[in-house]
Amino acid sequence: MTEKFTALQVMQDAPVIPVIVLNDLAHAVPMARALVAGGVRMLEVTLRTPQALACIEAIAKHVPEAVVGAGTVRNKTDAQAAANAGARFAVSPGYTSAVGQACRDLGLALLPGVATGSEIMMAQEEGFTELKFFPAMQSGGPAMLKAWSGPFFDVRFCPTGGVSLQNTSEFLALPNVVCVGGSWLVPADAIAKGDWAKITRLASDTAALRK
Ligand code: 3PG
């Protein structure tokens, strides 16, 4: 039986969840191994390319040390396809009741995206208290999270969008931030060249920034 994770456990595993875009199935397994070697094992593979689901399936099958999830889950069909491929958590760029319900029905931990107070209230009303703040830098960055810590004192965030190794510490220092998300650990050129050592280095540099 595969171990189940809650959204909070997904967020607490490492200081970062990499946001991964894969264009080639052959890259999936070595890239996942490179991230795990750097201490990052919760991997968000975005459903943005035709190969994404096959990549999730390959990682789930061949890299048991990793916990693969699906990103860019925007509707029930995405959630179902992600679960069928072996995704163990889902990340969505926004929140709808349909996505929330689909993930609940599938037993898939969901980290829903929010950028406004109303969206937080809606997600919270439907049982989600661990949320992705997206797009974080474009929507107000750390200052926005500080403002939200008053009214939304019981919500915890994973800021994503414009986050980098340079500003991760500033986010992690906030009490309502559990981890950050971002694509900088998995640069497209490093993936294309198969520079797995670079990806391991970027992952371990970030994993060292403990909360
Ligand atoms: C995304 O969904 O594209 C992520 O938020 C990644 O943002 P980043 O490329 O700014 O890290």
Side-chain angles (χ1 to χ4, degrees), residues 7 10-11 13-23 27-28 31-32 34-35 38 40-53 55-56 59 67-75 78-79 81-82 85 87 89-96 99 103 108-116 119-120 123 128 130-145 148 156-172 174 176-192 195 198-207 209:
V10 170
M11 288 165 85
D13 202 67
V16 66
I17 299 174
V19 177
I20 302 160
V21 179
L22 287 166
N23 289 296
H27 294 150
M31 185 232 44
L35 287 166
V40 173
R41 66 173 189 143
M42 297 289 166
L43 313 183
E44 176 191 337
V45 176
T46 56
L47 302 184
R48 291 181 201 181
T49 62
Q51 301 77 11
L53 289 167
C55 290
I56 290 173
I59 295 169
V67 177
V68 66
T72 322
V73 171
R74 296 177 300 173
N75 51 50
D78 288 345
F89 64 92
V91 184
S92 56
Y95 182 72
T96 64
V99 162
C103 290
L108 203 54
L110 172 66
L111 197 54
V114 295
T116 68
E119 290 160 10
I120 296 172
F128 296 92
E130 282 84 38
L131 307 175
K132 161 175 159 165
F133 173 30
F134 175 77
M137 284 310 286
Q138 297 85 341
S139 308
M144 188 73 153
L145 288 157
W148 279 345
R156 283 172 284 197
F157 295 94
C158 169
T160 305
V163 182
S164 64
L165 187 59
Q166 287 66 43
N167 62 13
T168 289
S169 297
E170 196 185 343
F171 281 108
L172 292 177
L174 300 172
N176 56 349
V177 170
V178 181
C179 70
V180 301
S183 62
W184 82 91
L185 309 189
V186 278
D189 61 334
I191 295 179
D195 189 351
K198 178 172 181 177
I199 289 177
T200 297
R201 204 164 52 243
L202 289 166
S204 62
D205 286 351
T206 313
L209 302 174

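Just follow the structure's listing: the first ligand is 1, and inside any ligand the first atom is 1. Heads up: numbering here begins at 1 and tracks the sequence.
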Review point. Considering only the protein, which heavy-atom contact is closest to atom 7 (O) of ligand 1, and what is its distance?
Key: G161 CA, 3.6 Å
Review point. Are the side chain of D13 and the backbone of R41 linked by a donor-acceptor contact shorter than 3.5 Å?
Key: no
Revision key, fill the gap. In ligand 1, the atoms that come under 4.0 Å of a heavy atom of G162 are 8 (P), 10 (O)
Point to revise | Residues which pass side-chain contact (heavy atoms from CB on, under 4.5 Å) with T96, listed by chain and number, not counting sequence neighbours | key: A98, V99
Exercise for review: Look only at the side chain of T46 and the backbone of I20, and say whether a donor-acceptor pair between them is shorter than 3.5 Å.
Suggested key: yes
**Study point:** Under 3.5 Å donor-acceptor, N167 side chain and S164 backbone
**Key:** yes
Check your understanding: Does W184, backbone or side chain, put an N or O under 3.5 Å from an N or O of ligand 1?
Key -> no
Exercise for review: Considering the heavy atoms of G182, write down every atom of ligand 1 situated less than 4.0 Å from one of them.
Suggested key: 11 (O)
Point to revise | For T160, the ligand 1 atoms whose distance to one of its heavy atoms is below 4.0 Å | key: 4 (C), 5 (O)
Exercise for review: Return yes when P135 approaches ligand 1 closer than 4.0 angstrom through a heavy atom, no otherwise.
Suggested key: no
Exercise for review: Do me a favour and list the nearest non-hydrogen protein atom to atom 6 (C) of ligand 1 with residue, atom name and distance?
Suggested key: V19 CG1, 4.0 Å
Point to revise | Min side-chain heavy-atom separation S183-V21 under 4.5 Å | key: no
Point to revise | Numbered atoms of ligand 1 (with element) below 4.0 Å of S183, judged on heavy atoms | key: 8 (P), 9 (O), 11 (O)
Point to revise | Identified side chain to side chain contact (heavy atoms under 4.5 Å, CB included) partner of L22 from the options M31, Q51, R48 | key: M31
Review point. Donor-acceptor pair, S139 side chain versus A136 backbone, under 3.5 Å?
Key: no
Practice item. Measure from atom 3 (O) of ligand 1 to every heavy atom in R48, Q138, E44 and give the option owning the shortest one. Key: R48
